[in-house]
Amino acid sequence: MFKYIMKRLCMLIPVLIGISTIVFLLISLIPGDVVDILLGTSATPEAREALRENLGLNKPVVIRYFEWMFNAIQLDFGESIRTGKPVIEEFFARLPATLQLAGLAMAISLLIGIPFGILAAIKKDSWISHVVSVVSMLGVSIPAFWLGTMLILFISLQLRLLPPGGFVPFLENPIENLKGMILPAFTLGTSMSAVVMRMTRSAMLEVLGQDYMKTALAKGVTPKLYRYKHAFKNALIPVLTVIGIQIGYLLGGAVIIEEVFALPGVGRLALQAIYQRDYPLVQVTVLMFSLGFVLVNLLVDIIYAYIDPRIRYE
Amino acid sequence: MENLLEVIDLKVTFPTSKGRIRAIDGVNFKVKKGEILGIVGESGSGKSISSLSIMGLISDQGQVEGKILFNDENLLNKTEVEMRKIRGDKISMIFQDPMSSLNPVFTIGNQISEAILLHNKGVTKKEAVEKTIELLKLVGLPSPEQRIHDYPHKFSGGMRQRAMIAMALACEPELLVADEPTTALDVTIQAQILELLKEIQMKLGMSIILITHDLGVVAETCHRVAVMYAGHVVEETDVYTLFANPKHPYTKGLINSLPKLGSRERLTPIQGQPPQLYDDLTGCRFASRCPFVSAECLENEQVIAEVTKGHFVRCHKEVG
């Protein structure tokens, strides 16, 4: 197992190099550049040239890429062009809000998705099952930005129950923090819970039809053991795959949700960095997103082996 | 010998879009203490439905009527909670396909000791593990102390069926229902498993219902046989009489379609297909395939009657 994890971690290196190359090239393809944004269009050519030289933008892309790479290997990802602070610092300053948002959204989606998915599978032909199907269909179809906006309109602006946006660090004021997090986490969590619910339902239905479930009945197990021990542990395997993939979506969704609810998270940071052509910052946020995604999927693969004894990694 | 199980006029019907299917229609049979009863029949004859009725595992749509007396108590009157206490304890079951009948994510030891712990209050986990090892020894699994920690995928088909048998024996049941326990296994392993079942039956003195479509298995293992066709028991007798003096045309047909060692004779199969079991059936259900069919067969439903002592046949020609 240790060897397998090491192997997977080593495979991270080419992945990250690939991603950084693609991102670097893509950024240089975006029309407009940071000089326009920093100096405005009325600046003199001399001033523009001086700034370009200063930022190192006058060199060819390939050279810049290798310079960046050389520094990145030493964990120096450069400074933000706008603020002058190290980008890694900027990134980690914004990380808590995103982690909290993603974590809460995930928790909401599992708390809704798994119990209702199981219920829908057990009461296969009842109204509960149909309601679950319809709700999960809705959940998948409703775009997060629309749901977020509607929630702000009704719950924050009309009913004035929760703040429409903003972020208070948890350690500063836990209650205010949670109040601000409920709506964005709920918005992000609903569509994911719909996916988890559908997957749980179909995985459970499949497992319930297996021969070994008949064996369990013939043994005289209680309904509780039947559902949660014998069936759910088997159904968990495909559900886990979906959760792993959904985490990627969660990071992407965070960009939109953070923008809608004005949360100072990394998604919004990345968006701002792109608007402002803050190359080093874009580079590092994208790199971190992909690192997170790959690590989460590695974690999912490791959990697989614990749930399903048939899966063994060499 | 006393009757352990008595099935009286058992009827099981299922609603379908084309009307009610009468999967079992008035089945009677008895299992005495310490007896191996074989139930033979082709697919769809109702043999598995009979066994599932005994276990109380017919799905909610199915309607079960009649009586299933187990130690003189009607199992059909029991609640689900009462049945749960009987299942795996007094009556247990093994299934056709050992490859898919064990839960892949739990160890063999866990699955067997679960049965022990479910039905014996006050047994500790340690005692259950010891008992599990003992059971696995009984069914002839080599080095059970290590194998209890293995998952099913590390077992071969024969070993899995042994583990299934050990699980079924966990609470020393009075009745073991074996639903085609050797169908999915190699011929050599089949023989071993049948031998094991006979041996265990002798050792523990329980009764077994052995469901199969293989007359060879019946000849080797059973004391008495019930032949099922299209939801009816058409013939019931002891195993010697069945092969020496079969009465019902269907049984005769089955025996004629068995290959005989050393014989170069052509096999004579039974022509045609069994009928669909909807409500509008009239007359003898075997009539359309029966070589001895007469006008009367098409009109009246046949009743089962005793032709000689202990030999029951559902055919008027043999009775009248």
Side-chain angles (χ1 to χ4, degrees), chain A residues 1 114 118-129 199-200 203-241 300-314, chain B residues 48 51-52 54-61 80-108 110-120 149-154 160 163-164 167-168 170-171 173 176-179 184:
Chain A
M1 189 55 138
I114 288 180
I118 292 177
L119 200 68
I122 288 167
K123 311 231 177 267
K124 198 173 48 175
D125 297 312
S126 71
W127 60 272
I128 298 176
S129 179
M199 197 64 218
T200 308
M204 277 296 278
L205 277 179
E206 189 178 331
V207 171
L208 290 175
Q210 295 288 324
D211 285 348
Y212 52 77
M213 295 311 295
K214 219 165 33 174
T215 309
L217 281 181
K219 214 192 273 186
V221 296
T222 57
K224 215 171 159 187
L225 277 174
Y226 179 75
R227 288 169 198 175
Y228 301 108
K229 183 183 165 187
H230 289 267
F232 185 61
K233 199 173 170 195
N234 280 286
L236 198 56
I237 297 159
V239 173
L240 202 63
T241 314
V300 167
D301 284 347
I302 293 169
I303 298 174
Y304 272 162
Y306 278 99
I307 295 178
D308 189 343
R310 285 164 298 185
I311 298 173
R312 280 285 169 267
Y313 305 117
E314 325 283 306
Chain B
S48 289
S51 67
L52 289 176
I54 296 169
M55 297 297 288
L57 292 179
I58 296 285
S59 67
D60 293 339
Q61 294 105 323
E80 172 56 27
V81 179
E82 288 170 326
M83 273 314 285
R84 208 185 295 143
K85 283 183 186 140
I86 293 173
R87 264 182 235 141
D89 187 22
K90 300 268 191 305
I91 308 178
S92 58
M93 187 160 179
I94 50 180
F95 295 94
Q96 180 170 349
D97 189 358
M99 299 314 272
S100 59
S101 293
L102 287 161
N103 196 322
V105 301
F106 296 104
T107 61
I108 297 287
N110 181 319
Q111 296 189 52
I112 297 174
S113 53
E114 184 186 31
I116 300 168
L117 292 167
L118 272 171
H119 296 290
N120 298 290
H149 303 296
D150 278 344
Y151 288 92
H153 69 276
K154 296 204 171 165
R160 289 190 203 194
M164 282 295 293
M167 193 190 301
C171 300
L176 176 66
V177 181
D179 189 356

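In what follows, every heavy atom counts, from backbone to side chain, and hydrogens, waters and symmetry copies are set aside. Everything numeric in this text was worked out from a predicted model, so none of it was measured. The chains referred to below are lettered A, B, ... by the order of the sequence lines, with proteins before strands, and numbering in each begins at 1.
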| message | Is Leu118(B) in contact with chain A via its backbone, its side chain, both, or neither, using a 4.5 Å heavy-atom distance? | response | side chain
| message | I want to check something: taking the side chain as every heavy atom from C-beta on, are Tyr212(A) and Ser100(B) in contact at a cut-off of under 4.5 Å? | response | no
| field | Within residues 214-221 of chain A, residues adjacent to chain B where the heavy-atom gap is under 4.5 Å | value | Lys214(A), Thr215(A), Leu217(A), Ala218(A), Lys219(A), Gly220(A), Val221(A)
| query | Do any N or O atoms from the side chain of Thr107(B) and from the backbone of Asn110(B) form a donor-acceptor pair under 3.5 angstrom? | reply | yes
| said: Looking only at side-chain N and O atoms, does Glu114(B) offer a donor or acceptor that is under 3.5 Å from a partner on His230(A)? | reply: yes
| Taking atom OH of Tyr226(A) and atom CE of Met213(A), what is their separation to the nearest 0.5 Å? | 4.5 Å
| query | Tell me, which pairs form a side chain to side chain donor-acceptor pair (under 3.5 Å) where one or both residues lie in residues 81-93 of chain B, sequence neighbours left out? | reply | Thr79(B)-Glu82(B), Glu80(B)-Arg87(B)
| note | Honestly, the part of Gln111(B) sitting under 4.5 Å from a heavy atom of chain A is both
| task | Have a look at Ile237(A) and tell me which of Ile303(A), Asp308(A), Val207(A) forms a side-chain contact (heavy atoms from CB on, under 4.5 Å) with it. | result | Asp308(A)
| field | Side-chain donor-acceptor contact under 3.5 Å, Asn234(A) with Lys229(A) | value | no
| request: Determine the option with the most heavy-atom pairs under 4.5 angstrom with chain A, choosing from His153(B), Met167(B), Met164(B). | output: His153(B)
| task | Examine whether an atom of Ile307(A) lies under 4.5 Å from a heavy atom of chain B, and if so say whether it belongs to the side chain, the backbone or both; otherwise answer neither. | result | backbone
| Out of curiosity, Tyr306(A) OH to Leu240(A) CG, how far, rounded to the nearest 0.5 Å? | 14.0 Å
